Amino acid sequence: MAAAEVQERLSPECKQFLYMGTLPRGLEEQPFKKICQFYEGNPRFVTLYDTINHIPVYSAYTFKRSDGSKKVDVPWMYEPQLSTVSDSREMQQFPSENVHKNFEDAQAVLDDYSNSVIFERGQLNPDEHQADPNDKASTYTLTNVVPRAREFNIGPWKNHEHTVRRRLNNYCRGTAYVVTGVTTSGQTIRRHNINRLGIPTYFWSAYCCVDYDHNAPYSERSKFPAFAAHGLNEREDNKVQEMTVQQLEEFLKKVTYVASSFQIFYDNCVPLNSGNSALHLP
C-alpha cells in the first residue's frame, strides 16, 4: 500500500532525504504543499507541490546506486490528501473510470497528459536513480511528474540523469542528496479550455555528497561535494549545462520567484569538519 502525507512541518523520518535535514531555503513565502511521499509504509522522498499549476516545484531524494533500469509495471498514482474530497493519507492508484471532478481541483490527473503530443510525463525523482523496487515504484505518482518536452526528455535530460547516476555510482561513498525542480513562466496545458498544468520553462537539479572518492579523476573530483545543472524544456536548443550549485542558485534568482536568501543545500553542502564551514552560533 502506498501512502503520502501533506505536512506543515516535515516529520523527522522525512528529513532523511534532505542534507542536514533541511529544506531548500527561500520558498517559504510561496503557497506550496510539502508532501512526504510514503510507499509500502516507508517514507521514500519529499516533494514541494504547487496546487495551482498542478505540478511539483521540486522533489528531494537520496540517490541509490543503480544500474539505471526502469520499473515498467507500476500504475500511476495520485495524492488523495491534496483533494477536497478526501483526507486519507493513502496514495492511491487512479481508478479506471473517470476521476471525480473534485480530485482535479488541487492536482494533475492522467487525462491532463493524454492529449499532449509535445509533452511527456517527466519524473523529478527518476525511477533510474533508485534501486529498491519499492523506492522505484514510489516515483510513479503524478505529484512527482511535470510536462517534459519529448525531445528534451529522451535526449539531453535523460543523458544528464545517466551522467549523474554514473558519477554518483562511481565516486560518491556516502549518501548523495538530490533536489530536482522546475521553473515556470505562465504557459499551461489546457483541457476543456481550463488551465490544467503549468509547463516548466527550465528543469534544474543539484546534488550534495560530502563523502566522496578523493582519488577520482580531477574531471569528476571537481564536481564534488556538490554540483548542479539546468536545461531548457524545449524541443530544440535544449542543451543541459552543468555548473556549481551557487551558479544555479544565482540563475534561479533571476528567472523565478525564489527569495534572495535562496539556498538549495544547508551551508552550501560544505562538510561540517572541512574548516570552510561558516561559524554557526547557537
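The residues of the chain are indexed from 1 along the displayed sequence. Predicted model, so just to flag it, every value in this text is computed and none were measured.
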Nearest non-hydrogen partners of Y257 and V57, listed with the distance | OH-CG1, 3.8 Å
Over 12 non-hydrogen atoms of neighbours within 6.0 angstrom of CD1 in I52 = no
Check ion pair E250-K253 (N to O, under 4.0 angstrom) = yes
State, with a plain yes or no, whether a side-chain heavy atom of R165 is found less than 4.5 Å away from one of N169.
-> yes
Just how far is it from atom CG of N53 to atom CG of N195, taken to the nearest 0.5 Å?
-> 8.5 Å
Are I264 and Y202 connected in the hydrophobic side-chain network, where two residues link if heavy atoms are under 4.5 Å apart?
-> yes
Answer yes or no: is there a donor N or O on one side and an acceptor on the other, between the side chain of H54 and the main chain of R196, under 3.5 Å?
-> yes
R150/E120 ion pair, N-O < 4.0 Å | yes
What's the verdict on side-chain hydrogen bond (donor to acceptor under 3.5 Å, both in side chains) for N268 and Q263, showing C-alpha distance, side-chain angles and the deciding distance?
-> CA-CA 7 Å; N268 293 317; Q263 188 177 65; 3.2 Å; yes
Is a side-chain donor or acceptor of N153 paired with a backbone partner of A149 at a separation under 3.5 angstrom?
-> no
For N115, does the CG atom sit with more than 12 other heavy atoms under 6.0 Å from it, leaving out its own atoms?
-> no
Tell me, with the steps shown, if S205 and T180 meet side-chain hydrogen bond (donor to acceptor under 3.5 Å, both in side chains).
-> CA-CA 4 Å; S205 186; T180 298; 2.7 Å; yes
For the pair K254 and E249, find out whether any cationic side-chain nitrogen is under 4.0 Å from an anionic carboxylate oxygen.
-> no
Given side chains that start at C-beta, do those of R25 and S261 come closer than 4.5 Å, heavy atoms only?
-> yes
Between R65 and A131 the two heavy atoms that sit nearest each other are O-CB, 3.2 Å
Nearest heavy-atom neighbours spanning Y39 and S138 | CB-CB, 3.6 Å
Under a 4.5 Å side-chain heavy-atom rule over Ile, Leu, Val, Met, Phe, Trp and Tyr, are Y19 and V258 clustered together?
-> yes
Under 4.0 Å between a Lys/Arg side-chain N and an Asp/Glu carboxylate O for D213 and R173?
-> yes
Minimum side-chain heavy-atom gap K223-E242 below 4.5 Å | yes
Sidechain N-carboxylate O distance under 4.0 Å for K136, E128 | no
Report, as yes or no, whether the 6.0 Å neighbourhood of atom CD on Q16 holds more than 12 heavy atoms from other residues, nucleotides or ligands.
-> yes
Atom of F224, atom of C209 and distance for their closest heavy-atom approach = CD2-O, 3.9 Å
Polar side chain donor-acceptor pair, T143 to E79, under 3.5 angstrom | no
Under 3.5 Å, is there a donor-acceptor pair between the side chain of K64 and the main chain of T62?
-> yes
How close do D127 and S69 get, heavy atom to heavy atom, and via which atoms?
-> OD1-O, 3.7 Å
Crowded around E28 CD? As in, over 12 foreign heavy atoms under 6.0 Å?
-> yes
Is there a donor-acceptor contact under 3.5 Å linking the side chains of S59 and N144?
-> yes
Are V182 and V164 co-members of a hydrophobic cluster defined by side-chain heavy atoms under 4.5 Å apart?
-> no
With distance as the sole criterion, is a donor-acceptor pair present between the side chains of R221 and Y212 under 3.5 Å?
-> no
Hydrophobic cluster identity match, L248 and L232, side-chain contacts under 4.5 Å = yes
Is there side-chain contact between Q107 and L142, with heavy atoms separated by less than 4.5 Å?
-> no
Quick one: do F45 and Y177 end up in the same hydrophobic cluster if we chain Ile, Leu, Val, Met, Phe, Trp and Tyr together by side-chain heavy atoms under 4.5 Å apart?
-> no
Indicate whether any N or O donor in one side chain lies under 3.5 Å from an N or O acceptor in the other, for Q37 and N125.
-> no
Would a distance-only check, ignoring hydrogens and angles, find a side-chain to backbone donor-acceptor pair under 3.5 Å from T256 to L252?
-> no
At their closest point, which heavy atom of N233 faces which heavy atom of P200, and how far apart are they?
-> ND2-O, 3.0 Å
Close side-chain approach of V240 to H230, heavy-atom, < 4.5 Å | no
